[in-house]
Protein chains: 2
Amino acid sequence: MMKYKEIGFKLTPQRLAILDYLEGNTAHPSAEEIDRALSEKFPTMSLATVYNTLETLRQKGLVQELSIDPDKKRFDPNIRPHNHLMCIDCRRIIDVHTNFDLSLNDRDKANFIVLGHHVEFYGRCPECRKAAEGRA
Amino acid sequence: MMKYKEIGFKLTPQRLAILDYLEGNTAHPSAEEIDRALSEKFPTMSLATVYNTLETLRQKGLVQELSIDPDKKRFDPNIRPHNHLMCIDCRRIIDVHTNFDLSLNDRDKANFIVLGHHVEFYGRCPECRKAAEGRA
DNA sequence: ATTAATGCAAACACTTTGCAATGGA
DNA sequence: TCCATTGCAAAGTGTTTGCATTAAT
């Protein structure tokens, strides 16, 4: 994911653990999930540290903050532009690898400078689909 | 936006005011903005009522809840599928009228049932652009 | 030695909920 | 009249911040 040396911030064990946890992680975890996962090895680590580290990483462009989940921020170590598909039942988010080259016409642009875009697909994952069928 | 009669829920003055405020509104207001806007005419109206009404309307499919703003839910009376462009500085959200017909290949679908999608463009609005230039 | 990061707790922002009182149907 | 809705307050989440202590550089 990144060369730790070049990051330019203090490499604490906590940060290292967060970076390691995030490396290659495609689960789009929330801050609390990261905290929970690491609390076994770092029982004293504070959730505030997780938030602070994530914010620092975001500022340095090393993680992406996703707003696809209306209830909490989700974090993605994959900073390349890509899209997501979320299950509306269990809120699982998976990556969409297809690239969509979308651009706005002048009317839609409304004199904004357009910096990027993100496509959010939503649907129902196989597990939740089965569960829904069971209920029906 | 809707025929009040057919809604099938009690038409209180508060709900009527919220419906009126939302009708044709393209500002994508948050619950608090709606509350603030209506508090002049309904000084006693509770923010909880706004939230409750919005949730009821959402369940009935009369408003859309947007998650594009990571800090708060934004509401859109336009329930037709459409896309949005948000200013990353002032969080203004405007509608994008262009339709993008996007579909996922089987690999990306990962056995999900895909129900829809939403494209979020982000950029800088003319006002914030000027402000940013002033600072530079 | 310096200075930034940590952990804790408190504060904050947004949203939901319990409940008695109210008022549409 | 009846039952859903209101207003208020309290509680519930998710997130940020102040500050003394700790530890990376």
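All values derive from a computational prediction rather than experimental measurement. Below, chain A is the first sequence line, B the second, and so on; all start at residue 1.
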* Which listed nucleotide (D:dA23, D:dA4, C:dG7) is nearest to the side chain of A:Lys10? ->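 Of the candidates, D:dA23 comes closest.
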
Do [X] and [Y] touch side chain to side chain, with heavy atoms closer than 4.5 Å?
{"X": "A:Leu62", "Y": "A:Leu19", "value": "no"}
{"X": "B:Glu127", "Y": "B:Cys90", "value": "no"}
{"X": "A:Asn83", "Y": "B:His117", "value": "no"}
{"X": "A:Arg124", "Y": "B:Phe112", "value": "no"}
{"X": "A:Leu102", "Y": "B:Leu102", "value": "yes"}
{"X": "B:His82", "Y": "B:Asp76", "value": "yes"}

What is the distance, to the nearest angstrom, from the [atom1] atom on [X] to the [atom2] atom on [N]?
{"X": "B:Phe9", "N": "C:dG23", "atom1": "CZ", "atom2": "P", "answer": "18 Å"}
{"X": "B:Leu19", "N": "C:dG24", "atom1": "CG", "atom2": "P", "answer": "15 Å"}
{"X": "B:Ile18", "N": "D:dT6", "atom1": "CD1", "atom2": "P", "answer": "7 Å"}
{"X": "A:Glu33", "N": "D:dT15", "atom1": "CD", "atom2": "C1'", "answer": "15 Å"}
{"X": "B:Leu16", "N": "D:dT5", "atom1": "CG", "atom2": "C1'", "answer": "14 Å"}
{"X": "A:Gln14", "N": "C:dC8", "atom1": "CD", "atom2": "P", "answer": "11 Å"}

Short side-chain N/O contact to [N] OP1/OP2 from [X], under 4.0 Å:
{"X": "B:Arg15", "N": "C:dG24", "result": "no"}
{"X": "B:Thr12", "N": "D:dT5", "result": "no"}
{"X": "A:Thr49", "N": "C:dG7", "result": "yes"}

* **A:His28 and A:Met86: CA distance, side-chain angles, deciding distance, side chain to side chain contact (heavy atoms under 4.5 Å, CB included) verdict** => CA-CA 10 Å; A:His28 311 89; A:Met86 181 174 73; over 6 Å; no

* **Watson-Crick or G-U pairs under 3.5 Å in DNA chain C, rendered as dot-bracket with [ ] for crossing pairs and | for another strand** => |||||||||||||||||||||||||

* Asked: Which letters describe nucleotides 10-22 of chain C, given B = protein heavy atom under 4.0 Å from base, S = only from sugar-phosphate, - = neither?
  -> ----SBBB-----

